[in-house]
Amino acid sequence: MLLLAVLVLALTAASGQDWGPAGQQWGAAAPNGYPAGDPSQLHLVGLFYEDEWQEIMAFRAAIDRVNMDKLVLPDVTLVPVVEVLTSTDSFSLSKRVCNLTAQGVAAIFGPSKKENINIVSSICETLNIPHVLTTYTAVRKPTKCRVNLAPDRPSISKAIVDLLEDMAWKTFTIIYEDDEGLFRLQEVLKAHGPGDDPITVRRLGEDLDYRPLLKEIQNSTETRVILDVAADKLVDLFRQARQVNMMGDYISYLATSLDAHTENFADFEEWRSEERGASNVTGLRLVDPYSAETQNALQDWLFSERLRGNTVTLTASEIKTSAALVNDAVHVLARSLHMLNQTEPAVAEQPLTCDAVTPWFHGERIVTYTHARYSNPDLEERGMTGPLSLDPDNDFRRTNFSLTLIDTVLGNATGVWNASGVHLFRSVEEMETATKEMLAKKVMRVVSKIGAPYLMLKDNYTAEPGHSNNDALRGYSLDLIDAIAEKLKFRYEFYLVQDGQYGSLKNGMWNGLIKDLLDRKADLGLCDLTITYDRERAVDFTMPFMTLGISILYSPPEPKPKNRFSFLEPLEMQVWIYMAFAYVAVSIMLFVLARTTPNEWDNPHPCDPDPDELENTFTLINSLWFAMGSFLQQGCDFLPKISPYEWEPSSPSEDETVLEFTLNLANAIWHNVGSIMQQGSDIAPKAPSTRLVAGMWWFFTLIMISSYTANLAAFLTDALDTTTITGAKDLAMQNKIRYGCLKGGSTMSFFQNSNFSDYQRMWDFMSNEKPTVFTDSNPKGVERVLQNKGDYAFFMESTSIEYETARKCELRQVGGLLDSKGYGIAMPRNSPYRTLISGAVLKLQEEGDLTRLKQKWWREEDDGSRCESLQTDGPSGTQSMKLGLDNVGGVFLVLMWGCIAAFFMAIFEFLWNTRTVAIENKISVKEALKREFMFAIRCSGTTKPVRHKTPTSSTGSRSSLSQSSRAPSMAKSVAK
């Protein structure tokens, strides 16, 4: 590219024309000026600054092209008059312009700076000289002599808004250079509503050291930046951004300058080859360097300069937008003049002085025709900057144009914007392929933390935080990233986070894995990292690779020592003593009342209608037996019969013509009471007094036995079910069992931010409990549950609980899930690899690989099947609800002891009976023992003689029996 000073000198020395201060000769052909009113020659004045060599070249070359074109103004020669401005002094500029108009001009092009445009425009409006601009200016009042081919600024702002929406930029930082930049971006600011994510606006400043500003942006974790600065400052700005780590592959820039593509970004190629890569810089381009119009114009420019003896090196991609606009403006004016000259009068110049008020006749006519011609929708003229048309509804501004979206660094066109919106050239598949190629060149740094089974140290290995530790680690996370890397063909290295934290926001600062991602020390964050609202606002997450929820980890208290005599526990010892006392007292009372009332004395020989003695069955022993039978709910002396079977002989020896009905009204009522009370015995009271006592005793035993039975069931259930809580609500409603969670984790945030009353109550309890119930890690929480069995519960993710309960059989998961969430792979904000990695996770899920990985690390590795045989349905499963021998063994012991006691009592009775038989039969004890024993071991026969037969006569025996059986009765004697 030719140096500016050399080019200016060359241009001033170019043959055919001179330019310089006003008053100098314009050309050798007219040393004394040119004749006024000559329509064959029109002078076009260009006001340019010293650094606008491309604009000067375009201006002159475009006029040369028109002069060579026999179809445009064939009878008119356009003469370029170039004025090089060295300052922005309005006074000196006005004098120069007035000197030019005094000699006659057909139009004035420029200048480009806002501070000089108004003075030139004022002169042109006064003298009716067409003023052609290629720089956007806000029109405060209607103008009659201005033609502006610059793209409409609001339209460019709309293009930026559409592009931001297409790229899904919700939050970003704007860096602008001057106040004009804010005007250019006003539509962007308007489109961002108060409810949207905040954006930051920063001014670049005049200091050439941009690093403090860039460092502030880097600390804010913003990764998307809009640059509204001059194109010649971009390269230096990017170099300084590289120094503060703001040019990595996670940072994206949008350059609004239409000349950004003309700069030399050779450094980017070297940056892309490095590990951290280079940022994506998207730009907008009005000039298509590959269009026929641009290529032809470039050849005209170079040819024109060669004719002037200048050697210029310029490529189509280096053409500035302002130079292309000057080129198009010359052709627009020339074609308008050509068409206007087809009518009378022909356009001819006229010397105009700034002191006079006589305007030029043709000036407004030229501008009006130009507006009319190029506002015609049927006109299809194109230039270097695209379609040449003006909008009559918008003060004849240029709104119908298109912008090419480019990768500024590579120069590749990625899409186009026009009035209908953004249209991308590449398909989604092509963009994914490009991202895959970029990913394949990268070594992804994965930050994680130790936590089984996600990441664990191998035996005899140590891992140093911050350093690569692939060989020292094992676990689910390593296998997962390995499967993803295999699909996407990239390399990776794991390192452990320095502070061992997941990542929580404290005083506006993040820690843990999230901080490393925000600082872009890591490309991926992978562990049991929960996707939360706050974290997702700070970093990006893939789709969840595991779904879960919060649940309760609990270890039931140590079971109480089992008591074989637990059947005695439902009643206190005092109650048992009172019951024994009541039993003995009621039995004695029955005995006394039965001997007192005459209704309890019965005939001992039913065959004898007139006995000499009566018998009372309620002896003391029988009273005790009756009370015992009532207590144990056994026996009944009445069974109802259907008539006529209820009638029986009153005496077995009497005539059966007289029958007796025993189920009278009193006995029927008594039977029903006994049935309701579920009572009975082989003997039953008959007198009202004894029946009253018996009824009250039965009522007493009914209540006591029912209470005992119910309490016994509760005691046995309580002894078996050691789990005292069934869910979060139980914890919230008690104060005995303390509970907590991981400090600074997502579970803590769940309780802290919950609006549910139970969870709010639990958060108040946890936050105010002393000593603290929070732990620094999940393993410490598990250890605390084991150490405080039954006294501490720990809230943790269900997947981690599942892992722990599979290996520590004394742990239990209590209740269901309190919420639903997922684990995801975190990455820096706006990471270009998010879509690819999410797609790989989804593919692994569809193929069942995620399920296999979980089965491997939860059930197979590290003795994961150890507690499978003990797993039950819930906290107190059906197996634990069964009563064991340790619970009811005491009943068997009582039965066994009773049977043993009965056995020895039977032996005693047998021996005692043998002695009695020996005495009564007058035989030896040995012989009696032998006979009784032989009869006892004989299993046949259901009858037994009352006494053994002796050689004495049967009469004597019968007489003895009769005398014995008819022994006088005291009760009978008293009755007589």
Fill in the blank from the handout: With Tyr739 as partner, the option from Phe794, Phe751, Phe765 fulfilling ring-ring contact (aromatic ring centres under 6.0 Å, His included) is Phe765
Taking the side chain as every heavy atom from C-beta outward, state whether [X] and [Y] have any atom pair closer than 4.5 Å.
X	Y	answer
Leu786	Lys808	yes
Ser504	Lys506	yes
Lys821	Glu797	yes
Leu553	Gln813	no
Arg535	Ser746	yes
Thr805	Ile801	yes
Ser551	Tyr554	no
Arg520	Ile251	yes

Handout entry: Salt-bridge present (Asp197, Lys170; N to O < 4.0 Å)
Key = no
Exercise for the section: Salt-bridge test for Glu802 and Lys854: reply yes if a basic N is under 4.0 Å from a carboxylate O, no otherwise. Expected result: yes
Handout entry: Aromatic ring pairing Tyr454/Tyr823, orientation class (parallel under 30°, perpendicular over 60°, tilted between)
Key = perpendicular
Practice task
Can you label the angle between the Tyr759 ring and the Phe756 ring as parallel, tilted or perpendicular, going by 30° and 60°?
Solution key: perpendicular
Fill in the blank from the handout: Here the gap from Thr775 atom OG1 to Met796 atom CE, rounded to the nearest 0.5 Å, amounts to 9.0 Å
Problem - Spacing of CD1 belonging to Ile481 relative to CG belonging to Leu524, to within rounding of 0.5 Å - result: 5.0 Å
Practice task
Please assess Tyr803 against Trp857 for the test ring-ring contact (aromatic ring centres under 6.0 Å, His included), listing each intermediate value before the final yes or no.
Solution key: CA-CA 8 Å; Tyr803 178 82; Trp857 289 103; 8.9 Å; no
Handout entry: Qualifying side chain to side chain donor-acceptor pair (under 3.5 Å) pairs, either residue in residues 837-852, two or more places apart
Key = Lys487-Glu847, Asp849-Arg852
Handout entry: Matching residue for Asp523 among Arg491, Arg834, Lys442 - test: salt bridge (charged side-chain N to carboxylate O under 4.0 Å, His left out)
Key = Lys442
Problem - Test: Arg784 cationic atom under 6.0 Å from Tyr792 six-membered ring centre, within 45° of axis - result: yes
Handout entry: Cation-pi check, Arg445 onto Tyr495 ring (under 6.0 Å, within 45° of axis)
Key = yes
Practice task
Test salt bridge (Lys or Arg N to Asp or Glu O under 4.0 Å) on Lys856 and Asp479 and set out the steps.
Solution key: CA-CA 10 Å; Lys856 172 185 176 182; Asp479 285 358; 3.0 Å; yes
Practice task
Of all the heavy-atom pairs spanning Lys789 and Ser555, show the shortest one and how long it is.
Solution key: CG-OG, 3.4 Å
Fill in the blank from the handout: Minimal heavy-atom distance between Gly727 and Val814, with the atoms involved, is N-CG1, 3.8 Å
Handout entry: Residue pair Phe795, Phe750: steps toward the ring-ring contact (aromatic ring centres under 6.0 Å, His included) verdict
Key = CA-CA 11 Å; Phe795 288 99; Phe750 168 79; 8.6 Å; no
Practice task
Could you point out which residue of Leu505, Asp534, Leu529 forms a side-chain contact (heavy atoms from CB on, under 4.5 Å) with Ile514?
Solution key: Leu529
Handout entry: Polar contact flag, side-chain donor to acceptor under 3.5 angstrom, Ser749-Asn753
Key = no
